[in-house]
Asks: 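Take this structure first; my questions come after.
Naming convention: chains lettered A, B, ... in sequence-line order (proteins, then strands); numbering from 1 in each chain.
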2 protein chains.
Amino acid sequence: MNAPSSATTSPAPSVRDAAEAWESLFRAQVAVMRRLQADPAFRGLGIKEYDVLFTLSGCPESGLRLNELNDHVLLAQSSLSRLVERLERKGLVTRRAAPDDARGILITLTEAGRETQRRIGREHVREIARLFGGALDAEELAELKRLTAKLREHVVENHPL
Amino acid sequence: MNAPSSATTSPAPSVRDAAEAWESLFRAQVAVMRRLQADPAFRGLGIKEYDVLFTLSGCPESGLRLNELNDHVLLAQSSLSRLVERLERKGLVTRRAAPDDARGILITLTEAGRETQRRIGREHVREIARLFGGALDAEELAELKRLTAKLREHVVENHPL
DNA sequence: CCAGAGTACATGCATTTGCATCTACTTTGA
DNA sequence: TCAAAGTAGATGCAAATGCATGTACTCTGG
């Protein structure tokens, strides 16, 4: 006997189901990311640098801590530290001591940083739409978003680093 | 008037729908990948190196061309060239001239490479299942796989680099 | 209060990456 | 047929990355 099932309950996933879903998710990410990286919008600023600006743009008034930022980006702590240093040198962000924890650094967008993020963001979003156009309909996009959000949430919640 | 719709036709996605789905997909990938990279399975061999071995393990008898390999991996051509060079030095793959095109290099797993891939792969798959466990049920995993595969296919098909 | 453990970020250094370019081979078209 | 354009992969070099560790601060238990 295999895979017990009923009309209303989805069977527990096998190891294989998870591995295949991950493989597919990962390859899609590679294919899309490769094309996004090639976008002229990222001539002056790498996509990772943009990603940091973007994350800062949608977050608390006062900025983010380095370690919070690090959760969103696939970089070692030291690499992010230096990436932010570069952004500061370019005048796109500021670093100042966190008020409540003297070890912490609070990173904030400068006005120039905010403008740069918006400018690149507009082109970037257009490119995303161009790539996705015709691939999935609105309902499928919503479902993709829901599933990936659920996955991320679960992983973040239940599997600390 | 906005978004014309009927009972059976999903409305055309907005630019925003695509951007949000991508954002969610990407963040999920980051969260999962971060944890996979930390797996002890990748102490001796980086996850990118493993990925190359894995890709080779599931492909034509005779191996893959460097440029074919490059489609699966998020690396510049030159970086992959050197990554493969390292794998060769470790005795995990061999490089030989492609029979039909003297410019090309055919990369093949050695027996050691195949064993290494299997060994790491077993642990890796376990870790994937552990991370995904409880996040999505079998049906949702299948849907996630379907959507990401469709997205990748569309992008690869309609948006050459 | 304080010693020791823990956390946040920075830094030295070796490795990896990407860009630009090079060489060698192949394809195209006049 | 052959010159010009195109493609596959390698390589020099500067930049980015990660690991190990350092410094400075915070938290915890006695």
Side-chain angles (χ1 to χ4, degrees), chain A residues 30 33-40 42-53 56 62-90 92-108 160-161, chain B residues 30 33-40 42-53 56 62-90 92-108 160-161:
Chain A
V30 168
M33 183 56 87
R34 220 171 217 296
R35 284 155 181 87
L36 289 177
Q37 282 184 325
D39 190 288
F42 298 110
R43 293 207 140 264
L45 197 68
I47 199 166
K48 285 175 195 156
E49 281 81 2
Y50 168 77
D51 192 25
V52 167
L53 298 188
L56 288 172
S62 50
L64 277 182
R65 293 281 295 270
L66 205 52
N67 58 359
E68 300 175 297
L69 212 45
N70 214 156
D71 293 339
H72 295 279
V73 172
L74 202 53
L75 277 177
Q77 176 268 317
S78 61
S79 305
L80 179 60
S81 180
R82 281 191 265 240
L83 189 155
V84 168
E85 188 187 357
R86 270 174 269 147
L87 289 178
E88 187 186 34
R89 256 186 275 130
K90 290 189 177 193
L92 302 174
V93 304
T94 55
R95 293 138 67 96
R96 63 199 151 94
D100 56 326
D101 185 340
R103 295 166 301 178
I105 298 288
L106 215 46
I107 298 143
T108 323
L161 285 167
Chain B
V30 168
M33 182 57 88
R34 221 175 214 301
R35 284 155 180 87
L36 289 176
Q37 280 184 326
D39 191 287
F42 297 110
R43 292 205 142 265
L45 198 68
I47 200 166
K48 286 175 194 156
E49 282 80 2
Y50 167 77
D51 193 25
V52 166
L53 298 188
L56 288 171
S62 49
L64 278 182
R65 294 281 295 268
L66 206 51
N67 58 359
E68 300 175 297
L69 212 44
N70 214 156
D71 293 338
H72 294 280
V73 171
L74 201 52
L75 278 176
Q77 176 267 317
S78 60
S79 304
L80 180 59
S81 180
R82 280 190 266 239
L83 189 155
V84 168
E85 187 186 359
R86 271 173 269 148
L87 289 178
E88 186 186 34
R89 257 187 274 128
K90 290 189 178 195
L92 301 174
V93 305
T94 55
R95 294 138 65 96
R96 64 200 151 93
D100 56 327
D101 184 340
R103 295 166 303 179
I105 297 290
L106 216 45
I107 297 141
T108 323
L161 284 167

Asks: Would you compute the distance between atom CD of B:Q37 and atom CG of A:L161 and round it to the nearest 0.5 angstrom?
Replies: 10.5 Å

Asks: Are A:K90 and A:L45 packed together at the side-chain level, in the sense that at least one heavy-atom pair is separated by less than 4.5 angstrom?
Replies: yes

Asks: After noting the C-alpha distance and the side-chain angles of B:V52 and B:L80, does the key distance pass the side-chain contact (heavy atoms from CB on, under 4.5 Å) rule?
Replies: CA-CA 9 Å; B:V52 166; B:L80 180 59; 4.0 Å; yes

Asks: If every non-hydrogen atom of A:R95 is compared with every non-hydrogen atom of A:E85, which pair is closest and at what distance?
Replies: NH1-N, 3.7 Å

Asks: At what angle, to 10 degrees, do the two end axes of the helix from C:dC1-D:dG30 to C:dA30-D:dT1 meet, given five pairs define each axis?
Replies: 30°

Asks: For residues 67-79 of chain A, which side-chain donor-acceptor pairs fall under 3.5 Å, sequence neighbours excluded?
Replies:
{"residue": "A:E68", "atom": "OE1", "partner": "A:R65", "partner atom": "N", "Å": "2.8"}
{"residue": "A:N70", "atom": "ND2", "partner": "A:L75", "partner atom": "O", "Å": "2.9"}

Asks: Examine the base of C:dG12 for any acceptor or donor lying under 3.5 Å from a partner atom in the side chain of A:R82, and report the outcome as yes or no.
Replies: yes

Asks: For the CG atom of A:L87 and the OG1 atom of A:T94, what is their distance to the nearest 0.5 Å?
Replies: 11.0 Å

Asks: For A:A102 and for A:S79, find the nucleotide of DNA chain D with the closest heavy atom, then tell me which residue's nucleotide is more 5'.
Replies: A:S79

Asks: Quickly work out the A:M33 CE to C:dT17 C1' distance and round it to whole Å.
Replies: 16 Å

Asks: For B:P99 and B:L106, which heavy atoms make the closest approach, and how far apart are they?
Replies: CD-CD2, 3.9 Å

Asks: Starting from the 5' end of DNA chain D, give me the residue, A:D100 or A:A76, whose nearest nucleotide shows up first.
Replies: A:A76

Asks: To the nearest Å, give me how far apart CG (B:L87) and C1' (C:dT15) are.
Replies: 15 Å

Asks: Looking at DNA chain C, which of residues 42-50 of chain B put a heavy atom within less than 4.0 Å of it?
Replies: B:K48

Asks: As an exercise, state the distance from CG of B:L92 to CD of B:E49, rounded to the nearest 0.5 Å.
Replies: 9.5 Å

Asks: Nucleotides 6-9 of chain C: which of its N/O atoms have a protein N/O under 3.5 Å away?
Replies:
{"residue": "C:dG6", "atom": "N2", "partner": "A:R103", "partner atom": "NH1", "Å": "2.9"}
{"residue": "C:dT7", "atom": "O4'", "partner": "A:R103", "partner atom": "NH1", "Å": "3.4"}
{"residue": "C:dT7", "atom": "O2", "partner": "A:R103", "partner atom": "NH1", "Å": "2.8"}
{"residue": "C:dA8", "atom": "OP1", "partner": "A:N67", "partner atom": "ND2", "Å": "2.9"}
{"residue": "C:dA8", "atom": "O3'", "partner": "A:R65", "partner atom": "NH2", "Å": "3.3"}
{"residue": "C:dC9", "atom": "OP1", "partner": "A:R65", "partner atom": "NE", "Å": "3.0"}
{"residue": "C:dC9", "atom": "OP1", "partner": "A:L66", "partner atom": "N", "Å": "3.4"}
{"residue": "C:dC9", "atom": "OP1", "partner": "A:I105", "partner atom": "N", "Å": "2.9"}
{"residue": "C:dC9", "atom": "OP1", "partner": "A:I105", "partner atom": "O", "Å": "3.4"}
{"residue": "C:dC9", "atom": "OP2", "partner": "A:N67", "partner atom": "N", "Å": "2.9"}

Asks: For DNA chain D, note the earliest and the latest nucleotide, 5' to 3', having some atom under 4.0 Å of a heavy atom belonging to chain B.
Replies: D:dG6 to D:dC13

Asks: So how far is it from A:L56 CG to A:L64 CG, rounded to the nearest 0.5 Å?
Replies: 5.5 Å

Asks: Can you name the side chain to side chain donor-acceptor pair (under 3.5 Å) partners of A:R82, sequence neighbours left out?
Replies: none

